[in-house]
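Residue numbers start from 1 in every chain, and the chains themselves are labelled A, B, ... in the order their sequence lines are given, proteins ahead of strands.
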There are 2 protein chains.
Amino acid sequence: MHAYTLSRALPSQSDQMSLPAAFDGTQPQPVSFYPSGSEIYAQGEKAGALYQVEFGAVRLYRLLADGRRQISAFHLAGETFGFEADATHHFFAEAINATGVRAVRPAAGADVSRKLLPLALKGLIRAQEHLLVLGRQSAIERVAAFLLDMAERQGGLQPVELPMSRMDIGDYLGLTIETVSRVFTKLKDKGTIRLLGLRNVEIVRYDTLRNISE
Amino acid sequence: MHAYTLSRALPSQSDQMSLPAAFDGTQPQPVSFYPSGSEIYAQGEKAGALYQVEFGAVRLYRLLADGRRQISAFHLAGETFGFEADATHHFFAEAINATGVRAVRPAAGADVSRKLLPLALKGLIRAQEHLLVLGRQSAIERVAAFLLDMAERQGGLQPVELPMSRMDIGDYLGLTIETVSRVFTKLKDKGTIRLLGLRNVEIVRYDTLRNISE
DNA sequence: CGGACTGTTGAACGTTCTCAAAGACCGTGG
DNA sequence: CCACGGTCTTTGAGAACGTTCAACAGTCCG
């Protein structure tokens with residue numbers, strides 16, 4: 001059981017960068033920089049914009065009253081987050097590392113739903129698949145599924161980079177940091193993965209990992 | 001650990017019923033009847049239509065290779081399900097009881113995304129909130145949250161009707177039927193709820209239940 | 001080089017699962 | 001209407017998995 005103190009850092013804007021906007025019919029926005037651990041938005045805040053990760057990584061999470069945390073999703077470079085069912089944010093969003101985020105504010109009158117729907121549906125499928133992991137899989141199955149997911153999202157490049165801490169992984173997989181650490185060690189000892197650094201993993205045997213994650 | 005055999009029943013159509021269609025720009029469809037336990041669609045099938053529950057209840061779920069099941073959502077009368085990110089169903093849908101379902105097939109060229117987006121977003125929020133339950137809550141907290149959710153979806157009317165079996169509840173909450181049963185008994189013994197029948201629960205103390213579910 | 005934070009490892013505990021058996025409920029047919 | 005059979009639910013006892021608590025090790029930055 002653990003509690004979190006939320007640090008709020010005002011993002012700095014760097015108009016230097018000008019990557020293409022995600023949506024047609026949107027007003028171009030500069031990239032905001034968020035230092036490691038800083039809050040992008042909080043639960044209960046007024047929503048309105050979407051956010052596209054330019055570099056770095058973001059965690060979305062909810063808290064229980066006693067401080068237990070569930071990370072519902074990580075978002076890496078290129079991914080979009082921040083859609084809500086109503087005008088309020090239902091989750092916290094924080095930068096995991098030094099992160100650049102571009103706000104995507106739909107132009108008034110633009111048909112945003114046509115662009116937004118595929119993203120929302122993809123998020124829905126992803127969340128529902130994660131339900132299966134949290135509801136029905138063992139610790140080692142969860143970690144294996146997580147590693148495969150991270151590898152896939154990085155295009156299968158080795159080594160796989162884990163931008164987040166063990167605590168983030170635990171709070172995403174519904175495990176404690178100790179259990180996550182033990183499973184990593186076990187997979188390492190079995191020769192399934194190699195730990196190149198705390199946040200760099202080489203997957204030696206993909207098939208073994210796939211079998212573990214079912 | 002348990003496996004499921006899927007029974008496929010051809011739905012019978014009753015054109016008698018003609019409740020209003022959910023969406024503008026859709027072709028009106030008759031209500032299809034699905035007997036208890038019958039399959040509405042299967043994982044891997046080609047998707048295309050949406051479904052609105054007219055009466056009865058539906059479960060959406062995924063299976064692991066060894067038969068473990070995770071129900072990602074229940075859908076009661078009036079609710080809509082069946083949206084997918086691509087042209088394929090990623091889940092199974094089954095009638096829990098005798099259930100009437102109306103297919104909602106968008107007319108060609110209709111702007112379905114504008115109508116669909118709110119539903120998808122609501123489903124996303126619901127799934128992500130369920131992640132918190134599965135990832136971070138104890139058995140009694142899960143059951144309490146489930147009962148409150150069912151009560152709310154039925155307008156707070158007493159007694160709360162549970163259309164599904166203990167196994168369905170377990171597979172939704174990531175618990176075994178034995179644990180679900182034990183928690184029900186515990187809540188009954190504490191006087192928080194009253195079990196009027198196997199599938200009828202009276203919530204005696206809402207506040208206690210809310211405190212339990214955090 | 002030092003200090004704080006993050007991660008790893010160990011031992012004991014607790015919650016939930018598994019296996020087993022008895023009890024309650026329901027639909028069917030007599 | 002009641003008896004029967006099958007299914008679902010409840011209850012119990014023991015085992016397993018993951019957590020908790022604690023100490024140590026490693027890593028990152030100053």
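- Here the nucleotide nearest the side chain of B:Thr179, chosen from D:dG18, D:dT19, C:dT16, is C:dT16.
- Between B:Gln70 and A:Leu134, the closest side-chain pair of non-hydrogen atoms is not below 4.5 Å.
- For the pair B:Leu162 CG and C:dC25 C1', the computed distance is 16 Å after rounding to whole Å.
- Remark: P of C:dG7 and CG of A:Asp171 are 12 Å apart, rounded to the nearest angstrom.
- The shortest side-chain heavy-atom distance between B:Asp171 and B:Tyr61 does not fall under the 4.5 Å cut-off.
- Atom CG of B:Leu195 and atom P of C:dC25 are 11 Å apart (whole Å).
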Do A:Phe91 and A:Gln43 pass the side chain to side chain contact (heavy atoms under 4.5 Å, CB included) test, and can you show the C-alpha distance, the side-chain angles, and the key distance before you say yes or no? CA-CA 5 Å; A:Phe91 297 86; A:Gln43 189 174 355; 5.9 Å; no
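- Remark: B:Ala73 engages B:His75 in a side-chain contact (heavy atoms from CB on, under 4.5 Å) (not counting sequence neighbours).
- Under the 30°/60° scheme for interplanar angles, the aromatic rings of B:Tyr51 and B:Phe81 are found to lie parallel.
- Nucleic acid contact for B:Leu175: sugar-phosphate only, since backbone atoms but no base atoms lie under 4.0 Å from a heavy atom of the residue.
- A straight line from CZ of B:Arg136 to C1' of C:dT16 spans 16 Å, rounded to a whole angstrom.
- Contacts of A:Ser165 with the nucleic acid, taken as non-hydrogen atoms under 4.0 Å apart, involve only primed sugar atoms and P, OP1 or OP2.
- Spacing between atom CD1 of B:Ile177 and atom C1' of C:dC19 amounts to 12 Å, rounded to whole angstrom units.
- Here B:Gly170 lies out of heavy-atom contact (under 4.0 Å) with every strand.
- Counting to the nearest Å, the P atom of C:dC25 and the CZ atom of B:Arg199 are 13 Å from each other.
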Tell me, for nucleotides 21-30 of chain D in 5' to 3' order, what letter each nucleotide earns: B for a base near a protein heavy atom under 4.0 Å, S for only sugar-phosphate near one, - for neither? B-----S---
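- In summary, A:Asp66 and B:Arg136 do not engage in a salt bridge, as defined by a charged side-chain N under 4.0 Å from a carboxylate O.
- OP1 or OP2 of D:dC17 has not a single side-chain nitrogen or oxygen of A:Ser138 nearer than 4.0 Å.
- How far CG of B:Leu63 is from CD1 of B:Ile71: 10.0 Å, rounded to the nearest 0.5 Å.
- Ring planes of A:His130 and A:Tyr172: parallel class, angle under 30° (limits at 30 and 60°).
- Note that the CG atom of A:Leu198 and the CZ atom of A:Phe184 stand 10.0 Å from one another [nearest 0.5 Å].
- Atom pair B:Met164:CE and D:dC8:P shows a separation of 15 Å (rounding to whole Å applied).
- Checking the phosphate oxygens (OP1, OP2) of D:dT19, a side-chain nitrogen or oxygen of A:Thr176 falls inside 4.0 Å.
- Between the axis at the start and the axis at the end of the helix from C:dC1-D:dG30 to C:dG30-D:dC1 there is an angle of 40°, using five pairs per end and rounding to 10 degrees.
- Taking atom CG of residue A:Asp189 and atom C1' of nucleotide C:dG10, one finds them 15 Å apart after rounding to whole Å.
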